[in-house]
Amino acid sequence: MSGTPRVKTRFPPSPTGALHLGGARTALFNWLFARHHGGSFVFRLEDTDRARSKDEYVTSIIDAMAWLGMNYDEGPFYQSKRNERYLAAIEHMLGNAKAYWCHCSPEDLEAQRAAASAAGKKPMYSGKCRELGLGQAKGAVVRFRGPLDGATVFDDLVKGPISVANNELDDLILLRSDGSPTYHLAVVVDDIDMGITHVIRGDDHVSNTPRQILLFKALDATPPLFAHVPMILGADKGKLSKRHGATAVIDYETEGFLPAAMLNMLARLGWSHGDQEIFSVQELIDLFSLEHVGKSPSVFDQDKLLNLNHHYIQHTDIAKLADMLTPFLRNLGIEQPDRTTLLAALPHLTQRARTLVELAHWAEPYLLDEPKMEAEAKAKFLTAESKPLLQAALDLMESQPPQLEPAMKELAKALGVKPGALFPPLRAALTGRQASPGVYEVMAILGSQRVKKRLKQAIDSLR
RNA sequence: GUCCCCAUCGUCUAGCCCGGCCUAGGACACCGGCCUUUCACGCCGGCGACAGGGGUUCGAAUCCCCUUGGGGACGCCA
């Protein structure tokens, strides 16, 4: 029975597009904060804009959250299903004069804003209908009756104290002329109903905060605590957009990134824990705190993500990696990869792959019945001069050498050539590539039967 | 335009709240070297920042002010 309420955060995307990087990071911070404090995390869909909201975006956002492993304790809630609650709140405010009907037409409003701009002020609603005592009418809206003087102050958990003069805030619309509630009203009612204690959201909402605080108070509720995290920018420091590459998190899944790497990357954008760069999810939960979230925007660096992903690929259990590779191998036409071969190859491949796409590419030669010959590898190394070398290697394999490495080195010496002359043709014959793990490793992965078969094929192709 | 916010290497950042330990640390990227049968991994080294100007102080990246620059908001979008 403690007096401090249990921490409750929420992530409320509007389903008007896929989950993008900024949204994912906001979700992550809310999720980490809730988990860190043993609180709960609410997932809510803000779909009051019926025209732009789409079911396909709802499922894609849910999928992206699942991919990242951000589970929620309550929800998904849909604002579109909570209309009576919003209407009741508006009715309540109309009843105690915290709201009023406004009959201004869109054209009239436009003129008012233009007038304010011309006077060197912020374009705002003039308050024309505020004291007119108007009633409901066709095309009318309900507006909030905000305070005319004083200031609204709040202590942002990341930015510190923020103060805005109330006369900078015009009377915002609560109910549209089509009878639907607006964003500001819906969020506030939801956050009250759902008992949200901490609102962690993007920087673009700071200027909305004073108006929402006023709404909380008008609804006789104590506002939650607010924390505004800086935006994520593109390489040119502009808003993140398609030009900067992938902006939707699901794109990173198809490009072969691991969720753990993505989470690590997102967490380190704007948050830090001393010099530490690598964090497991559990460490993130244990260490996360709003005090260490920075105040300035950060640029999303693809190279850093690639580097992190490379790290996670190297440190992920081989069997698990093999499982994750399945769809990427399928894209290469490999439906049923031989698991034994794959498991044998993977330890030699992870150090050279930064993504699962690259890893699948490296694994391909070992999983195919016959390696695909790259034109350049063939032209450079499968030549008339290399034929006797390949033949010698094949003869050696027939004798079943117990130790590959010394045997191959002996062979080079016996042939009177440097290892650098013998190995590239062997690699080309065995993998079809110019680059691969060491030739002995390749042979071990393939096994002597397949090695002999590939050697024979290469020799035959040189006839 | 008006209001709000922000400002350390190219990028992510530590340090800033509680001034001296900062000739500003780490990571990514980049450059060079080592290792090496290729491609990588790894290791070693290098380049590289407190936006500018005023204060306060014995002393400022750290505190205050101004300038400049950047971002956000100003919708019957969220």
Side-chain angles (χ1 to χ4, degrees), chain A residues 12-16 46-49 51-53 79 102 104 106 109-110 113 116-125 139-143 156 159-160 162-165 167-170 172-178 180-184 186-187 202-211 228 230-231 233 235 237-239 265 268-278 291-292 294-308 310 314 348-354 362 377 381 408-409 412 418-424 426-428 431 433-440:
Chain A
S14 67
T16 53
E46 309 210 324
D47 55 352
T48 49
D49 184 347
R52 293 198 303 147
S53 298
Q79 289 191 328
C102 169
C104 293
L109 259 18
E110 187 49 50
R113 280 193 284 267
S117 269
K121 303 189 70 172
K122 188 183 291 191
M124 301 196 306
Y125 169 61
V141 300
V142 173
R143 283 183 186 272
D156 193 287
K159 292 186 172 306
I162 292 177
S163 169
V164 174
N167 62 13
E168 288 292 333
L169 275 20
D170 61 1
L172 52 85
I173 292 175
L174 266 18
L175 185 74
R176 300 185 184 106
S177 57
D178 68 357
S180 65
T182 58
Y183 159 73
H184 288 286
V187 206
D203 237 358
D204 48 342
H205 284 289
V206 287
S207 49
N208 289 332
T209 306
R211 348 183 56 130
H228 289 94
M231 314 259 80
L233 275 24
K237 301 205 177 210
K239 251 188 174 169
M265 178 70 186
R268 281 290 287 104
L269 271 187
W271 174 83
S272 62
H273 179 70
D275 284 342
Q276 190 170 343
E277 297 286 348
I278 304 294
E291 292 87 83
H292 287 96
K295 299 180 184 182
S296 42
S298 36
V299 172
F300 187 83
D301 183 9
Q302 303 270 354
D303 283 333
K304 188 135 186 169
L305 208 216
L306 239 16
N307 178 273
L308 274 172
H310 181 44
Q314 290 188 87
H348 305 285
L349 269 23
T350 55
Q351 60 210 174
R352 48 207 100 204
R354 296 181 304 172
W362 282 109
F381 301 118
M408 297 309 293
K409 282 190 171 157
K418 287 189 197 153
L422 174 62
F423 293 123
L426 283 176
R427 180 173 358 261
T431 67
R433 303 271 179 87
Q434 294 188 81
S436 81
V439 169
Y440 324 124

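To find a chain, count down the sequence lines: A is the first, B the second, and so on, and within it residues start at 1. For the numbers below, each heavy atom of this structure counts, side chains included, while hydrogens, waters and symmetry mates do not.
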Between B:A49 and B:G10, how many Å separate the two C1' atoms, rounded to a whole number? 10 Å
Under 4.0 Å from OP1 or OP2 of B:A27: is there any side-chain N or O of A:Asn307 that close? no
Could a donor-acceptor pair under 3.5 angstrom be found where the side chain of A:Arg352 meets the base of B:C41? no
Nearest-angstrom distance from the residue atom CZ of A:Arg354 to C1' of B:C41: 13 Å
With sugar-phosphate meaning primed atoms plus P, OP1 and OP2, does A:Thr48 contact a base, only sugar-phosphate, or nothing at under 4.0 Å between heavy atoms? sugar-phosphate
Taking N and O atoms by type only, does the side chain of A:Arg433 place a donor or acceptor under 3.5 Å from a partner on the base of B:U38? no
Choose from B:C3, B:A78, B:U38 the nucleotide whose nearest atom is closest to any side-chain atom of A:Ala435. B:U38
A:Phe423/A:Phe381 aromatic ring centres below 6.0 Å: no
What's the gap between B:U23 and B:A61 when it is taken at their P atoms, as a whole Å value? 9 Å
From the list B:U8, B:G26, B:A78, which nucleotide is the closest neighbour of the side chain of A:Arg52? B:A78
When the distance from NZ of A:Lys304 to P of B:U13 is rounded to whole Å, what number comes out? 9 Å
Please give the distance between the P atoms of B:G53 and B:C12 as a whole number of Å. 24 Å
Let me know the distance between CD1 of A:Ile173 and P of B:C74, rounded to the nearest Å. 13 Å
At 4.0 Å (heavy atoms only), tell me whether A:Ser163 reaches a base, stays on the sugar-phosphate, or touches nothing. sugar-phosphate
Any Lys/Arg nitrogen of A:Lys159 or A:Asp203 sitting under 4.0 Å from an Asp/Glu carboxylate oxygen of the other? yes
Atom pair distance, as rounded to whole Å: CE in A:Met231 and P in B:G72: 8 Å
Please work out if A:His273 contacts a base, only the sugar-phosphate, or nothing of the nucleic acid, heavy-atom cut-off 4.0 Å. nothing
Value in whole Å for how far the P atom of B:A14 lies from CD1 of A:Ile278: 17 Å
B:U37, B:C5, B:A73: which one has an atom nearest the side-chain heavy atoms of A:Lys159? B:C5
Tell me which nucleotide among B:U37, B:G26, B:A78 gets nearest to the side chain of A:Asn208. B:A78
With distance as the sole test, does A:Asp156 use its side chain to make a donor-acceptor pair with the main-chain N or O of A:His228 at under 3.5 Å? yes
With P as the reference atom in both, quote the distance from B:C17 to B:A7 in angstrom, rounded to an integer. 14 Å
Aromatic stack A:His205/B:A73: centroid gap under 5.5 Å, interplanar angle under 30°: no
Using only heavy-atom distances, decide whether a donor-acceptor pair under 3.5 angstrom links the side-chain of A:Ser177 to the base of B:C76. yes
Suppose we define a pair by two distances each less than 3.5 Å, Watson-Crick or G-U wobble; what does B:U57 pair with here? none
What is the nucleic acid contact for A:Val299, judged by heavy atoms within less than 4.0 Å: base, sugar-phosphate only, or nothing? sugar-phosphate
Reckon A:Thr182 has a side-chain N or O less than 4.0 Å from the OP1 or OP2 of B:C76? no
Interatomic distance at C1', B:U8 relative to B:A24, whole Å: 8 Å
Paired nucleotide for B:G32 [Watson-Crick or G-U wobble; both distances under 3.5 Å]: B:C44
Select base, sugar-phosphate, or nothing to describe what A:Ser117 touches, counting heavy atoms under 4.0 Å on all strands. nothing
Any salt bridge between A:Asp303 and A:Arg354, counting N to O under 4.0 Å? no
Using a 4.0 Å heavy-atom cut-off, does A:Cys104 contact any base of the nucleic acid, only the sugar-phosphate backbone, or nothing at all? base
When we call it a touch if two heavy atoms are under 4.0 Å apart, what does A:Glu291 touch: a base, just sugar-phosphate, or nothing? nothing
Can you figure out which of B:C12, B:C41, B:U8 approaches the side chain of A:Gln351 most closely? B:C41
What pair of heavy atoms forms the shortest contact from A:Thr182 to A:Ile173, and how long is it? OG1-O, 2.7 Å
Does a nitrogen or oxygen in the side chain of A:Arg113 sit under 4.0 Å from OP1 or OP2 of B:G75? yes
Heavy-atom check, side chain of A:Tyr125 versus side chain of A:Cys104, under 4.5 Å: yes
Let's see if you can work this out: which of B:C6, B:A78, B:C12 has an atom nearest to the side-chain heavy atoms of A:Ser14? B:A78
Locate the shortest heavy-atom distance separating A:Trp362 from A:Arg433; write the atom from each residue and the value. CA-NH1, 4.1 Å
Taking every non-hydrogen atom, the tightest pair across A:Met124 and A:Ala116: N-CB, 4.0 Å
According to the Watson-Crick and G-U wobble definitions, with both distances under 3.5 Å, which nucleotide is paired to B:A73? B:U2
Please tell me which of A:Asp275 and A:Asp170 maps to the more 5' nucleotide of RNA chain B, matching each residue to the nucleotide holding its nearest heavy atom. A:Asp275
P spacing across the pair B:C64 / B:C28, given as an integer number of angstrom: 34 Å
Nearest of B:G1, B:A29, B:U13 to any side-chain atom of A:Asp303? B:A29
Name the nucleic acid region contacted by A:Pro13, choosing base, sugar-phosphate or nothing; use a 4.0 angstrom heavy-atom cut-off, strictly under. nothing
Expected label for B:C6 (glycosidic angle, syn inside 90° of 0, else anti) would be anti
Would you classify A:Gly202 as touching base, sugar-phosphate or nothing, given that sugar-phosphate means primed atoms plus P, OP1 and OP2, and contacts are heavy atoms under 4.0 Å? nothing
Judged by each residue's nearest nucleotide on RNA chain B, which is more toward the 5′ side, A:Glu168 or A:Asp301? A:Glu168
Whole-Å distance separating the CD1 atom of A:Ile162 from the C1' atom of B:C4: 7 Å
Contact class for A:Gly438 (heavy atom, under 4.0 Å): base, sugar-phosphate, or nothing? base
Under 3.5 Å donor-acceptor pair, A:Gln276 side-chain atoms to B:G26 base atoms: no
Please report the closest heavy-atom contact between A:Ala186 and A:Gln79, naming both atoms and the distance. CB-NE2, 3.5 Å
For A:Glu46, report the nucleic acid contact type (base, sugar-phosphate, nothing); a contact means any heavy atom under 4.0 Å. sugar-phosphate
Take the protein atom CG of A:Leu305 and the nucleotide atom P of B:U11, then report the distance between them rounded to whole Å. 18 Å
With a 3.5 Å distance limit and no angle check, can you tell me whether A:Arg268 reaches the backbone of A:Ile278 through a side-chain donor-acceptor pair? no
Between B:G20 and B:A60 - C1' atom distance, rounded Å: 9 Å
Only pairs with both distances under 3.5 Å count, Watson-Crick or wobble alike; so what is the partner of B:U23 in this structure? none
Rounding to an integer number of angstrom, what distance separates B:G19 and B:U57 when you compare their C1' atoms? 9 Å
Length of the CD-P vector between A:Gln434 and B:U37, whole Å: 18 Å
Regarding A:Tyr125, tell me which of base, sugar-phosphate or nothing describes its non-hydrogen contacts under 4.0 Å with the strands shown. nothing
Only pairs with both distances under 3.5 Å count, Watson-Crick or wobble alike; so what is the partner of B:U68 in this structure? B:A7
